[in-house]
Amino acid sequence: LIPTANPNQNQIDFTVQRYDANGTLIWSRQVGTPALEGVSALAHDGSGGVWAGGFTNGAFPGNVLTGSSDALLVRLDAGGNISFVKQYAPGVGQGASIHALALTPNGSVFAVGDVFGTFPGQISSGGFDIMASLIQSDGTTVWNRQFGSSASDRGVGASVLANGNL
């Protein structure tokens with residue numbers, strides 16, 4: 001994962017690269033919008049694909065910037081082609097970011113990070129809360145949860161149990 005400057009917009013994108021066992025570059029994909037993106041989580045899906053999680057301050061094609069900064073989830077196939085981009089936040093003026101990813105046996109992904117604001121059906125504890133989302137392999141959100149203390153809290157790790165639970 002390599003942060004790169006977008007020469008057209010002078011903002012930061014990210015680059016995902018795949019190498020073989022000899023260190024030979026197989027593919028490289030720069031991903032971004034004219035705004036700022038950051039990625040802090042990667043997960044390999046076992047079929048050569050990779051998931052990247054972080055945040056965006058822009059709108060990817062087919063998406064809308066919901067908050068001041070949206071959680072960002074990008075799935076690339078084994079050839080480095082983008083399968084889908086999902087961005088989400090609780091609402092206008094609110095924000096979210098992904099800091100950890102964990103893949104389930106059925107191909108879904110748990111995205112863990114932080115949220116400033118309140119997801120529908122959830123309660124904000126104050127400041128930043130820890131967020132956990134379950135996203136299916138096609139990008140469909142199954143659920144979003146948030147929890148924390150009255151201070152700012154951040155989720156920075158995730159692991160899937162043998163039964164598929166987070």
Side-chain angles (χ1 to χ4, degrees), residues 1-3 12-19 29 31-33 36-58 60 62-63 65-78 80-91 94-166:
L1 181 66
I2 302 169
I12 302 294
D13 292 340
F14 66 92
T15 301
V16 179
Q17 297 179 330
R18 178 173 303 278
Y19 294 86
R29 174 74 62 212
V31 182
T33 70
L36 177 67
E37 279 75 42
V39 169
S40 56
L42 289 174
H44 185 269
D45 69 9
S47 64
V50 64
W51 296 71
F55 74 92
T56 181
N57 291 344
F60 280 86
N63 289 273
L65 181 65
T66 303
S68 56
S69 181
D70 287 359
L72 174 65
L73 185 62
V74 179
R75 185 175 186 280
L76 296 100
D77 66 20
N81 304 300
I82 296 174
S83 300
F84 71 81
V85 176
K86 180 176 190 68
Q87 61 184 92
Y88 59 99
Q94 302 177 25
S97 184
I98 296 169
H99 302 294
L101 298 171
L103 297 175
T104 67
N106 70 0
S108 296
V109 63
F110 286 110
V112 174
D114 55 63
V115 58
F116 184 79
T118 309
F119 281 113
Q122 299 296 297
I123 297 171
S124 175
S125 299
F128 283 90
D129 289 336
I130 296 169
M131 117 179 145
S133 302
L134 178 59
I135 312 292
Q136 294 176 335
S137 60
D138 65 359
T140 303
T141 300
V142 178
W143 48 256
N144 293 309
R145 302 288 187 265
Q146 71 184 85
F147 54 94
S149 67
S150 59
S152 287
D153 304 291
R154 299 190 188 274
V156 295
S159 181
V160 174
L161 302 172
N163 65 4
N165 291 338
L166 180 63

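Sequence positions, counted from 1, serve as the residue numbers for this chain.
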> Taking all non-hydrogen atoms of both residues, which atom of Ser124 and which atom of Gly117 are closest, and how far apart?
Replying inline: CB-O, 3.8 Å
> Nearest 0.5 Å, what's the CZ-CG distance between Phe110 and Leu134?
Replying inline: 5.0 Å
>> Please enumerate all residues that pass side chain to side chain donor-acceptor pair (under 3.5 Å) together with Ser108, with sequence neighbours excluded.
In response: Asn106
>> Which heavy atom of Met131 sits nearest to which heavy atom of Ser97, and what is that distance?
In response: CE-O, 3.5 Å
>> Under the rule for side chain to side chain donor-acceptor pair (under 3.5 Å), what residues qualify as partners of Glu37, not counting sequence neighbours?
In response: Thr33, Thr56
> Which heavy atom of Ser125 sits nearest a heavy atom of Gly148, and at what distance?
Replying inline: OG-O, 3.0 Å
>> Please determine whether side-chain contact (heavy atoms from CB on, under 4.5 Å) holds for the pair Trp51 and Ile98, giving the CA-CA distance in whole Å, both sets of side-chain angles, and the decisive distance to 0.1 Å.
In response: CA-CA 11 Å; Trp51 296 71; Ile98 296 169; over 6 Å; no
> How far apart are the closest heavy atoms of Val39 and Gly53, and which atoms are they?
Replying inline: CG1-O, 3.3 Å
> What distance do Phe14 atom CZ and Leu42 atom CG have between them, rounded to the nearest 0.5 Å?
Replying inline: 8.5 Å
>> Can you list everything that forms a side chain to side chain donor-acceptor pair (under 3.5 Å) with Thr140? Sequence neighbours excluded, please.
In response: Asp138
> Minimum heavy-atom separation for Pro105 to Val160, with atom names?
Replying inline: CD-CG1, 4.2 Å
> Shortest non-hydrogen contact from Ser152 to Gly127?
Replying inline: OG-CA, 3.9 Å
> Got a sec, which residues hit side-chain contact (heavy atoms from CB on, under 4.5 Å) with Leu161, two or more places apart in sequence or on another chain?
Replying inline: Asn163, Asn165
>> Checking Gln87 against Thr66 for the side-chain contact (heavy atoms from CB on, under 4.5 Å) test, could you report, in this order, the C-alpha distance in whole Å, the side-chain angles of both residues, the deciding distance, and whether it holds?
In response: CA-CA 8 Å; Gln87 61 184 92; Thr66 303; over 6 Å; no
>> I'd like to check the ring-ring contact (aromatic ring centres under 6.0 Å, His included) partners of Phe60; sequence neighbours left out, ordered by chain and number.
In response: none
>> According to side-chain contact (heavy atoms from CB on, under 4.5 Å), who are the partners of Ala158, at least two apart in sequence or on a separate chain?
In response: Ala100, Ala102, Val112, Leu166
>> Looking at Lys86 and Gly139, would you say the former's side chain and the latter's main chain have a donor-acceptor pair under 3.5 Å?
In response: yes
> Which residues pass the side chain to side chain donor-acceptor pair (under 3.5 Å) test with Ser149, sequence neighbours left out?
Replying inline: Asp153
> Does any N or O in the side chain of Gln94 come within less than 3.5 Å of the main-chain N or O of Thr118, such that one atom is a donor and the other an acceptor?
Replying inline: yes
>> So, using salt bridge (Lys or Arg N to Asp or Glu O under 4.0 Å) as the criterion, who are the partners of Asp114 when residues are at least two apart?
In response: Arg154
> If you look only at pairs with a residue in residues 120-134, which of them pass as a salt bridge (Lys or Arg N to Asp or Glu O under 4.0 Å), with sequence neighbours excluded?
Replying inline: none
Donor-acceptor contacts, no H, no angles, side chain residues 43-50, under 3.5 Å, sequence neighbours left out:
residue	atom	partner	partner atom	Å
His44	ND1	Gly46	N	3.0
Asp45	OD1	Ser47	N	2.8
Asp45	OD1	Ser47	OG	3.0
Asp45	OD1	Gly48	N	3.4
Asp45	OD1	Gly49	N	2.9
Asp45	OD2	Ser47	OG	3.4
Asp45	OD2	Arg75	NH2	2.7

> Under the salt bridge (Lys or Arg N to Asp or Glu O under 4.0 Å) test, which residues partner Arg145, sequence neighbours left out?
Replying inline: none
> Under the side-chain contact (heavy atoms from CB on, under 4.5 Å) test, which residues partner Asn144, sequence neighbours left out?
Replying inline: Tyr88, Phe119, Ser133, Thr141
